[in-house]
Amino acid sequence: MPIRVLPDFLINQIAAGEVVERPASAVKELVENALDAGANEIIIDVVDGGRTLISVIDNGGGMSRIDLANCILRHATSKLPSDDLLNINYMGFRGEALPSIASVSDMGIDTFNGAEENGWHLDAKSGEIRPSSWESGTRIRVENLFANTPARLKFLHTDKSELLAILDVVKRLALSRVDVGFVLNNKWRFPRGQSLMERIVSVMGEDVRGQMLEVDAHSSSSDMHLHGFISNPVLRRASSVDQYLFVNGRPVKDKVLVTALRAAYMDVMHAREFPLCALYFDLPVQNVDVNVSPSKTEVHFLEPTHVRAFFVKTLRDVLSQTLNQNVAIHGADSGVSNSYFQIPPRQTFFNNNFARVCEPHKDFNLQSDVCAGKRPSDDFDSMPNFEQNTTTTNDVSEFDLPLGRVIGQLNNKYILAENKDGFVIIDQHAAHERITYEKLRLNEIKRQPLLTPIVVNLKSEDVDAVLMISDELAASGLHVDAFGDSAIAVFEKPADWDLNWENCFHEIADEVRAYGHSSRLGEKLHLKLANYACHHSVRAGRKLSMDEMNALLRDIERTERGGECNHGRPVYKVIPISDLDVMFERA
C-alpha cells in the first residue's frame, strides 16, 4: 500500500481527537486563549451540555484581520515568541486548539482589536472574513460540536454530565486567575477582584469558610514556592473533586503532587477520604516540562523526588499546628506542667529508647494491670494514680490554655472542659491515641538484622526501580540490595514485620516507575504505628480522675496534629459561649 499525505481536514480531525475529547475540552482551550489575550472578564454560555452551542466572550485585546485569518491554521500561535518549548509562560501554546475545534464543529469568530476601524467576523468552515459590528474583545461561537464526526457523539455523556465537566474546568481556571471574572450560563459567577479565600469559598462552598489552613513556604535549597490553602483534617470529601493544583499558574492533575498530598494527610485522614486544597506551586520553567500531553494537565518535573519531599514537609508542618494557634505561646518553657498521661504497653517492636517513651512518668505512681500483661481496656477500674499536682505555674492558668480546665467526664468517654472562649468536649481515646502515635513516630525504629537474607525474585527493571529509592527504604528500617540481576535481598527489616515481600516490592517498583518515588512502605509503617497506638491508648468507657484528665489535655496541647486522631477523627470540639447564648435565647 503506497504512503500518501493526508488532507488537511483529516489531519485536523486527528488532532481534534487529542485536543477536543468532549465539550469541556473545547471550553478549556477557548477560555485559556481568552486569558492569554489579557481578558479580565470572560462569559461562557453552553446549550445542551455544549453539543449545540459553546459561546465564549472576552474583553481581551482582540485580533487584527491578519491574525484572525492565521488563527485557524495548524500550528499557528502567538505563544512561543522565542521558539523555546520549555520556556512557556502562557496557558495555551500548541497552535492546535482552534483548527481542531473548527474541524469538528461550525465555528464563528467575532473580534475587534481597537487598532482597526471595525471588527471582523470569520466563518471557520468557509474561511470567509467579513467586517463585523463587534466592538470589544473576542466572541467565539462553536455550534453543532462533533456533528460531522457522529461517532464521537456516541461517546459523550448526558447533557448534565457534560455541563458538570465544563463547570469543573471553569472552576479550575477561576482559581488559577483570581484577578479575572468568570460567568457560566449566567448561573455560576466568580466576580473579578475577589480575594483568594473568597474565590475558594465561591468554588468549593460555604462549608470551607474558616476551615482552610494557609500555606506559604519557600524551599531553602532550590527556587520553589508553595502557597495557597489546604483543609483542616476534619473537613474532607468522599472524592478528590475539590483538589485544585496549579504549577506556574497552570491547572494540573499531576500524580507526583496528588500522591504527595495524600502522604501529607496520611496520619490525620482515612485513606478513603480526601482533603480539599487550592495549592499553587511555582518553580523555574526549565525545571518542569508542560509538553507531556495536548491537554496540558500533566507535567514532568526535572527532580520529582525533591518536589514531593518539599510538598510533604510543607503540608505536614502546616497540619501539625491544627490544634490551636494559641498553643505556640504555651510551649515547654511557658511554665505549664510537664506531666504526661501514659499507659505502659504490653510489648513493643521498637528499640530501648523508643520503648522508654511508653513507660510511666517517673513522677507518677502508676498502678495499672497493663503492667501485668492486660490490655488497657481489660479492666476499667485499674487506672494510673496521679499524685503530682498538674496545675500550671508562672501565672499561666489552665482556664487560659487552648483546651482549658476539666470540669467533668461524660459517659466515661468524653472529657468536658471550659476555657475563656467556651465549652470544650474532648474524646479521651482519640486524644491519647494521637499522643501515643506521635511519640512512636518520632523515635527510631528497632531494626532486625537477618542471618539469612530474604530473597525476592523480580524483573530486572523492578530491581532497578527498587534500588532507586534504597535510601528511602533504609529510613523506614529496610536494608536491601541487588541479589544478581533479577532479585532483591533483604538484609535488615523492621522488627516484628512479616510482610508479603514479593507483593510489597512489586508495588514499590510500580510506584517508582510511575511517579519516581514510592510511599508504599511508609503507608505500611503508618498503619503499624496507628494500630499499635490505638490498642495501647486509654479506651472509651474508662473512668478518669480530674488530675488524669487535666494531664491528658496538657499533653494533647503539646502534640503535633493534636486536633485529629491518626484515623482522621476529631479529638475535640469547642462550643463558643455565643453559641450557647443562642441556644438558651440569651443572644
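Basis for what follows: all heavy atoms, side chains included, without hydrogens, waters or symmetry-related copies. Just so it is clear, the structure is predicted and the values come from calculations on it, not from any experiment.
Just one of L53, I54, V56 meets the side chain to side chain contact (heavy atoms under 4.5 Å, CB included) condition when paired with V142; it is I54.
Contact check on R237 versus D207 returns a salt bridge, with a Lys/Arg side-chain nitrogen under 4.0 Å from an Asp/Glu carboxylate oxygen. Ion pairing between a basic and an acidic side chain is recognised when a charged N comes within 4.0 Å of a carboxylate O; R561 and E438 show such pairing. Look at E116 and R65 and you find no salt bridge, because none of the NZ, NE, NH1 or NH2 atoms lies under 4.0 Å from a carboxylate O. With respect to R22 and E162, a salt bridge is recorded, a charged nitrogen being found less than 4.0 Å from a carboxylate O. The pair K125-D106 meets the salt-bridge criterion, since a charged nitrogen lies less than 4.0 angstrom from a carboxylate oxygen.
Between L98 and L30, the shortest heavy-atom distance links the atoms CD2-CD2, 3.7 Å. The two atoms that bring I72 and P99 nearest to each other are O-CB, 3.3 Å, heavy atoms only. Shown here for P275 and M269, the closest heavy-atom pair between the two residues is N-SD, 3.5 Å. Across all their heavy atoms, R569 and A430 have their closest contact at NH2-CB, 3.9 Å.
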Apply side chain to side chain contact (heavy atoms under 4.5 Å, CB included) to V574 and I425, showing your working.
-> CA-CA 6 Å; V574 178; I425 306 173; over 6 Å; no

Quick one: do S100 and S103 satisfy side chain to side chain donor-acceptor pair (under 3.5 Å)? Show the steps, please.
-> CA-CA 5 Å; S100 297; S103 70; 5.5 Å; no

Test V571 against D427 for side chain to side chain contact (heavy atoms under 4.5 Å, CB included), laying out the working first.
-> CA-CA 5 Å; V571 165; D427 184 325; 5.8 Å; no

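Counting heavy atoms from C-beta outward, L403 and N419 have side chains that stay 4.5 Å or more apart. Residues R316 and D267 are in side-chain contact: their nearest non-hydrogen atoms beyond the backbone lie under 4.5 Å apart. Side-chain contact between V288 and L302 is absent, with no heavy atoms from C-beta onward closer than 4.5 Å.
Of the possible donor and acceptor atoms, none in the side chain of T314 sits under 3.5 Å from a partner among the backbone N and O of F311. Checking side-chain atoms of W120 against main-chain N and O of L122 turns up no donor-acceptor pair under 3.5 Å.
Expressed to the nearest 0.5 Å, how far CZ of R250 lies from CZ of F281 amounts to 15.0 Å. Note that CG of D159 and CG of L164 are 11.0 Å apart. Values are rounded to the nearest 0.5 Å.
More than 12 heavy atoms of other residues, nucleotides or ligands lie within 6.0 Å of CZ in R236, so this atom counts as buried by the packing criterion.
Checked by atom type, the side-chain pair S132/D110 shows a donor-acceptor distance below 3.5 Å. Looking at S202 and Q194, their side chains do bring a donor and an acceptor atom within 3.5 Å of each other.
Applying the ring pair (Phe, Tyr, Trp, His ring centres under 6.0 Å) rule to pairs touching residues 153-192 yields nothing, sequence neighbours excluded. For the ring pair (Phe, Tyr, Trp, His ring centres under 6.0 Å) condition, the pairs that include at least one residue of residues 222-260, sequence neighbours left out, are H218-H225, H225-H227, H227-Y280, F246-Y280.
Between Y265 and F274, the gap from one ring centroid to the other reaches at least 6.0 Å.
Residues that satisfy the side chain to side chain donor-acceptor pair (under 3.5 Å) test with R209, not counting sequence neighbours, are E198, E206.
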